[in-house]
Amino acid sequence: MLSAGQSALFNLYLLERRARGLMREVLRGDILKKTATGGLFECTDPVTDKARLDAGELGITGPMFGSKMRAPGPDTPSGALEAEILARAEIDLPTLQGLGHTLEGTRRPLQIAPLAVDMEAVHDDFGPGVSLSFELPSGSYATALLRELQRPA
């Protein structure tokens with residue numbers, strides 16, 4: 001149940017960033033992940049880090065809230081957004097800290113790129129269509145990718 005709650009909070013955070021047009025924008029305080037090494041760091045220079053994001057060197061991470069999750073500084077736009085998500089869910093930091101090893105928390109990329117993508121036109125008993133195959137990292141859902149592919153531009 002805790003894991004499901006953790007995922008729901010991450011999804012709420014993701015939806016809020018999307019609604020605010022922040023999926024590809026770097027906020028001061030964002031916890032960023034280096035593509036080459038996987039190292040995490042907190043953004044202090046959004047302009048520089050946005051250029052690195054656009055170049056594929058970095059990815060923005062979102063919170064999988066827990067007692068040991070690396071969090072942005074509280075006086076940053078990113079920290080304020082994460083606090084807002086917890087407030088909506090009526091969860092406070094002492095409650096998270098109290099979960100200890102039961103729910104340690106982590107960071108998860110906001111966006112992922114599918115690997116080994118293959119697409120071909122098909123025609124079967126249902127008529128014309130498309131056959132699509134791809135690989136996703138653990139913790140990612142094919143249904144989410146397919147939903148994104150079917151969204152209007």
Side-chain angles (χ1 to χ4, degrees), residues 2-119 132-153:
L2 290 175
S3 180
Q6 202 177 37
S7 293
L9 288 171
F10 175 82
N11 290 340
L12 180 59
Y13 177 83
L14 196 62
L15 289 171
E16 190 59 34
R17 277 198 80 124
R18 174 185 282 168
R20 295 182 187 190
L22 299 174
M23 291 300 291
R24 300 285 304 165
E25 297 299 323
V26 179
L27 301 175
R28 188 172 53 83
D30 272 344
I31 305 299
L32 304 173
K33 185 175 185 175
K34 297 177 184 177
T35 304
T37 65
L40 297 175
F41 68 98
E42 184 171 343
C43 172
T44 58
D45 182 357
V47 173
T48 299
D49 289 335
K50 169 67 168 142
R52 294 179 69 196
L53 175 75
D54 290 344
E57 296 175 26
L58 303 173
I60 303 169
T61 68
M64 292 292 287
F65 291 105
S67 63
K68 294 186 178 182
M69 181 199 78
R70 181 167 182 178
D75 298 331
T76 65
S78 184
L81 180 55
E82 290 189 17
E84 181 183 325
I85 297 303
L86 287 176
R88 280 192 203 171
E90 299 180 0
I91 298 172
D92 58 22
L93 288 177
T95 299
L96 284 176
Q97 297 301 320
L99 294 171
H101 293 295
T102 305
L103 194 70
E104 292 183 344
T106 190
R107 305 293 304 186
R108 180 178 279 180
L110 296 188
Q111 297 179 313
I112 55 98
L115 304 171
V117 177
D118 185 43
M119 183 172 70
L132 178 65
S133 65
F134 50 86
E135 295 175 12
L136 295 172
S138 178
S140 302
Y141 293 92
T143 53
L145 174 63
L146 294 174
R147 182 180 62 239
E148 291 301 310
L149 291 173
Q150 295 178 62
R151 286 181 51 171

If you define the side chain from C-beta out and look only at heavy atoms, does anything of I91 sit under 4.5 Å from F65? no

Specify the closest pair of heavy atoms between L9 and A89, including all atoms of both residues, with the distance to one decimal. CD2-CB, 3.5 Å

Qualifying residue for side-chain contact (heavy atoms from CB on, under 4.5 Å) with T61, from L40, L32, T106: L40

From I60 atom CD1 to L53 atom CG, the distance as rounded to the nearest 0.5 Å: 5.0 Å

N/O donor-acceptor pair under 3.5 Å between R17 side chain and L22 backbone: yes

Hey, are the side chains of L81 and Y13 touching, using non-hydrogen atoms and a 4.5 Å cut-off? yes

With rounding to the nearest 0.5 angstrom, report the CZ to CG distance, F134 to L115. 11.0 Å

Any side-chain heavy-atom pair from K50 and R24 closer than 4.5 angstrom? yes

Which pair of heavy atoms, one from D30 and one from S78, lies closest together, and at what distance? OD1-OG, 2.8 Å

Checking side-chain contact (heavy atoms from CB on, under 4.5 Å) for the pair E42/R28: CA distance, chi angles, key distance, verdict? CA-CA 8 Å; E42 184 171 343; R28 188 172 53 83; over 6 Å; no

Charged N to carboxylate O under 4.0 angstrom, R107 versus E82? yes

D49 side, atom CG; T44 side, atom OG1 - distance, nearest 0.5 Å: 6.5 Å

Distance from R151 atom CZ to L146 atom CG, nearest 0.5 Å? 14.0 Å

Nearest atoms (heavy-atom pairs only) where M69 meets P63: SD-CB, 3.5 Å

One should read off an interatomic distance between R108 CZ and S140 OG, to the nearest 0.5 angstrom, of 7.0 Å

Report yes if the side chains of E57 and K34 come closer than 4.5 Å at any heavy-atom pair, otherwise no. no

Could you check if a side-chain atom of V47 sits within less than 4.5 angstrom of a side-chain atom of D45, using non-hydrogen atoms only? yes

Correct closest heavy-atom pair for T35 and G56 would be OG1-O, 2.9 Å

If you look at every heavy atom in M64 and Q6, which pair is closest and at what distance? O-NE2, 3.5 Å

From CG (L14) to CG (L110), nearest 0.5 Å: 6.0 Å

Side-chain contact test, heavy atoms from C-beta onward, threshold under 4.5 Å: evaluate it for T95 versus E90 and give yes or no. no

What are the two closest heavy atoms between C43 and V26, and how far apart are they? SG-CG1, 3.5 Å

